[in-house]
Asker: 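Quick one: the structure is below, questions incoming.
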2 protein chains.
Amino acid sequence: MTGYEQRREQVLDGCAHVFAEKGYDSASIRDIAKAVKMSSGGLYHYCINKQDLLFQVCERAFRSLTARLDEALSSVHEPKERLYTVFATHLAYFLERPHELITLTENLSSLEPPGSGKIRTLQRRYYEVVSGVLKSFPEITEESLRVATMTLFGSINWVHTWYRRDVDGDAENLARVMTDLFLHGLAPSYQYVPPSEQETGPN
Amino acid sequence: MTGYEQRREQVLDGCAHVFAEKGYDSASIRDIAKAVKMSSGGLYHYCINKQDLLFQVCERAFRSLTARLDEALSSVHEPKERLYTVFATHLAYFLERPHELITLTENLSSLEPPGSGKIRTLQRRYYEVVSGVLKSFPEITEESLRVATMTLFGSINWVHTWYRRDVDGDAENLARVMTDLFLHGLAPSYQYVPPSEQETGPN
DNA sequence: GCATCGATCAATCAATCGTCCGATTACCTA
DNA sequence: TAGGTAATCGGACGATTGATTGATCGATGC
């Protein structure tokens, strides 16, 4: 990796930090420059504008996250273990580089075309992989697959708002509890029936 | 309700719209003024500053959401039905006033003291109610209660990023699918055991 | 019909924004 | 050490920000 590329990595690290803590819109170029110990003008040797910085952060994060998941899933074939792998890989990445995933979940809506389109492609690919893992469970219906996948993403992407290392343990522990919740549910032996159907439906 | 209070409601509605669509930071006072058909100066008859507008939107949303959930839960006592009530109430509110809940989930981090503290109190109260519903399930352990509650919130608060009325149906349908997922899970008859424990643990 | 008062307006303030640019430094090669 | 390129700096630009002001509008009470 050249010196330029190394410095660029540092710049993107600083961007992720600032974006995650202040939000893209209220993070100024001068904030970022200060975080990477550079003048605001000097930043423009590593991007074409502020939008491009957000794009580069998101792209790098999505690519490395996807690469890790592909690698981890390649050696796991049992459905339940694959589900655990999804949780564990994503959560481990979050604990390792929280600012990147926070930027991804909190500031992706600030990304404008054409960058937003490219990121959406990476996002869709990640979705397909996770959705494929869920599809291997026989209980999943075509109707519930979409909701289940989105529910899983919601669960994972919300972690950064409440996670505390001293209370919630490491990624493996969290992944175990969440996997268990997704496999069992709260009351595995009962089927919920809305009140309007309770006279005729099973309970 | 006085004329002033009516106009104030309209102002807050407009704020919620603009905050939800542009985000608090990049929403300017002029954007809000245009949305409520008023000059930027005139807005300051209904707030002390821009922060106060965000606070008022969040407070109003949290109070009415909590009131609805309290009311709905007061006549439901069976655990599974109470869980469904949580989903249905929250999702119905989202479909009815999406901009308010989007503002709540996307822009709460832009709220500064002292307003943020007051909102956090309302938030905690809402958490306690939902957590209480989950606690009534015998399968819930003390360790998993926190994770389960936060997972539930993550699932619900993520809906605004993917929901499409034509694909995903109304609030009752969505609540039914999500309740089912939380009760059953994906593979209710199996218990997940991490690979490292597979030699000795049950499977 | 006059006075009063809350509501709203256009105009404006200093501050900060993203971006750009010429000057300057740092570093590598010959 | 000389020369050239890449990296960085500090200051400047016009535009926009949140906020404030005095003037004006319209309804209400007397």
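As the structure is a prediction and not an experimental result, all values here were calculated from the model. Chain letters run A, B, ... following the sequence lines, proteins first, then strands; residues in each count from 1.
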Asker: Is the shortest heavy-atom distance from the side chain of Gln123(A) to the side chain of Leu108(A) under 4.5 Å?
Answerer: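 Result yes, sub-4.5 Å side-chain heavy-atom pair found.
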Asker: Are any non-hydrogen side-chain atoms of Leu183(A) and Thr179(A) less than 4.5 angstrom apart?
Answerer: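 Yes, close enough: below the 4.5 Å cut-off.
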Asker: Could you state the CD-P distance from Glu5(A) to dA7(D), rounded to the nearest angstrom?
Answerer: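 Going from CD in Glu5(A) over to P in dA7(D) covers 11 Å.
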Asker: Between the protein and nucleotides 22-26 of chain D, which nitrogen or oxygen pairs come in under 3.5 angstrom?
Answerer:
none

Asker: Between atom CE in Met38(B) and atom C1' in dG6(C), what is the gap in whole Å?
Answerer: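 Between C1' of dG6(C) and CE of Met38(B): 13 Å.
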Asker: Would you sort out whether Arg97(B) and Asp13(B) count as a salt bridge (Lys or Arg N to Asp or Glu O under 4.0 Å), showing the intermediate values?
Answerer: CA-CA 9 Å; Arg97(B) 308 181 70 81; Asp13(B) 288 346; 2.9 Å; yes
Asker: For Phe182(B), does the six-membered ring have the charged nitrogen or CZ of Lys80(B) within the cation-pi criterion, i.e. under 6.0 angstrom from the centroid and within 45° of the normal?
Answerer: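 No, cation not above the ring by the 6.0 Å, 45° rule.
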Asker: Answer yes or no on whether Lys118(B) is positioned over the face of Phe62(B), meaning its NZ or CZ is under 6.0 Å from the six-membered ring centre and within 45° of the axis.
Answerer: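 Pair Lys118(B)/Phe62(B) does not count as cation-pi.
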Asker: Check the pair Glu106(A) / Tyr24(A) against side-chain contact (heavy atoms from CB on, under 4.5 Å), numbers first and verdict last.
Answerer: CA-CA 9 Å; Glu106(A) 301 250 82; Tyr24(A) 174 78; over 6 Å; no
Asker: Rounded to whole angstrom units, what separation is found between the CD atom of Gln10(A) and the P atom of dA7(D)?
Answerer: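 It works out to 13 Å between those atoms.
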Asker: Arg7(A) CZ to dA6(D) P: how many Å, rounded?
Answerer: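 Distance check: Arg7(A) CZ to dA6(D) P gives 18 Å.
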Asker: Show your working on side chain to side chain donor-acceptor pair (under 3.5 Å) between Tyr93(B) and Ser64(B) and close with a plain yes or no.
Answerer: CA-CA 9 Å; Tyr93(B) 192 94; Ser64(B) 56; 2.7 Å; yes
Asker: In the 5'-to-3' direction, what one-character label does each nucleotide of nucleotides 11-27 of chain C receive under the scheme B = base within less than 4.0 Å of a protein heavy atom, S = sugar-phosphate only, - = no such atom?
Answerer: BB----SBBBB------
Asker: Kindly state whether the ring of His90(B) and the ring of Phe153(B) have centres lying under 6.0 angstrom apart.
Answerer: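 Ring centroids of His90(B) and Phe153(B) are no less than 6.0 Å from each other.
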